[in-house]
Amino acid sequence: MKNITVLGAGGWGLALALSLNANGHKVTVWSPFADEVQNLNEKRTNEKLLTGIIIPNSINITTDLSVCQNNDITVIATPSFAVKETAQKLKSVKPNGIVVNVAKGFENKTLMRLSQVIESELPNADIMVLSGPSHAEEVARKIPTMLTVSGKNEQVCKTVQEVFSSDILRVYTNPDTIGVELGGALKNVIAVAAGVCDGMGLGDNSKAALITRGLAEMSRLGEKLGAKAATFAGLTGLGDLVVTCTSTHSRNHRFGELVGKGYTVEDALNIVGTVEGYYACKSAYQLAQKHGVDTPIIELSHKLLYEEYPVEDIVKTLMQRPFKEE
Ligand SMILES: NC(=O)c1ccc[n+]([C@@H]2O[C@H](COP(=O)([O-])OP(=O)(O)OC[C@H]3O[C@@H](n4cnc5c(N)ncnc54)[C@H](O)[C@@H]3O)[C@@H](O)[C@H]2O)c1
């Protein structure tokens, strides 16, 4: 049995906490928000994010971060924009054990991957990345799911694999941390574009083309940043891309769909809430520009989300690009 604290009491943090609790570990969920913690402690459910799921009393829910001093594992499950400040807070309580990041995105200011951001705050910790096609709602309902863990220390990877795996959650290891992490961050950008495609009322042909060419962009940019191309054909690349582009659970897809229907970006964000793909688009675009990588879907998504490019011109612009080999 391990002592595990999950930082972030949103859909994914709670779903992982439920799964780890069912595996027999001693689990605490932390949030910085007293009202969120009080609500969860009173109701023992989050009807909006995990409908019909009861959070057992054996899961401790708190605003007290000092619990991490006795940890074997700390899981960071906040939105990407809060990972740095959460790692800083964690550092201040002198945490023990392994740190597993499950947030997907970049630090927009520095274009760093989130594990690099955590490492800059906690240089002595064993930092792992856990990613893959996984809607919180389905993991909480015990629907079979597969994930991939990656990090510098192979033995620690195996520990995380064992701790998180169960009859409904199968965890693979992959030594390509850059690829595993970039897959999770970049697929959200393509998922927004897939939502736009659906919102505009385009068909299956268009979406299949978008997913395939989107994967090619992820892979091209990823390779330039040090990842292995093969990783993008795995769970954290193609797997996560498919689940996010085709499902109604995805906030990225839902946000894109509203933009495709003609909502302003601001209104769509207000309706959907935190949309990782919106933030990741900015970093992905800047990384592609910086490294001279051709990423037309990411570039057009950036124009649409940040430069007021008209949604009705998107298809024409993509279709009229110069002919090339696949
Ligand atoms: N929801 C999913 O199915 C899913 C699956 C895999 C990965 N992820 C990733 O996990 C991360 C969290 O996703 P989520 O859906 O649980 O998000 P969410 O928006 O539902 O919840 C995030 C939680 O993080 C905490 N939080 C929010 N702002 C914070 C701040 N400023 N400082 C510290 N903590 C803060 C709060 O407890 C909040 O409930 C995201 O990066 C997401 O891409 C989500």
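Values reported hereafter were calculated over all heavy atoms of this structure, with side chains retained and with hydrogens, waters and symmetry mates removed. Each ligand, and each atom within it, is numbered from 1 in the order the structure gives.
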Query raised in the report: Any chance the side chains of Ser80 and Glu276 put a donor and an acceptor closer than 3.5 Å?
Result: yes

Query raised in the report: Quick one: does ligand 1 sit under 4.0 Å from the side chain of Lys104, the backbone, both or neither, non-hydrogen atoms only?
Result: both

Query raised in the report: Stepwise, does the salt bridge (Lys or Arg N to Asp or Glu O under 4.0 Å) test hold for Lys228 with Asp176?
Result: CA-CA 7 Å; Lys228 293 196 170 64; Asp176 178 19; 5.3 Å; no

Query raised in the report: Between the side chain of Ser301 and the main-chain N/O of Ile297, is any donor-acceptor distance below 3.5 Å?
Result: yes

Query raised in the report: Can you tell me if Gly105 has a non-hydrogen atom under 4.0 Å from ligand 1?
Result: no

Query raised in the report: Strictly under 4.0 Å, does any heavy atom of Arg251 approach an atom of ligand 1?
Result: yes

Contacting atoms of ligand 1, where contact means under 4.0 angstrom from a heavy atom of [X]:
X      : value
Ser31  : 37 (O)
Glu85  : 31 (N), 32 (N)
His135 : 3 (O)
Val102 : 7 (C), 9 (C), 10 (O)

**Report entry** Minimum non-hydrogen distance to atom 5 (C) of ligand 1, winning option of Ser134, Gly11, Gly8
**Finding:** Ser134

Query raised in the report: atom 2 (C) of ligand 1: which of Ser131, Ser80, Pro79, Ala136 has the nearest heavy atom?
Result: Ala136

Report task. Run through Gln116, Glu121, Glu119 and flag the one making a side-chain contact (heavy atoms from CB on, under 4.5 Å) with Ile127. Result -> Glu119

Report task. Give me the one residue out of Val102, Thr5, Leu130 that meets side-chain contact (heavy atoms from CB on, under 4.5 Å) with Val75. Result -> Val102

Report task. Any chance you could lay out the side chain to side chain contact (heavy atoms under 4.5 Å, CB included) test for Ser166 and Lys142, step after step, and finish with the verdict? Result -> CA-CA 10 Å; Ser166 67; Lys142 299 191 187 316; over 6 Å; no

Query raised in the report: How are the rings of Phe255 and Tyr278 set relative to one another: parallel (under 30°), tilted (30 to 60°) or perpendicular (over 60°)?
Result: perpendicular

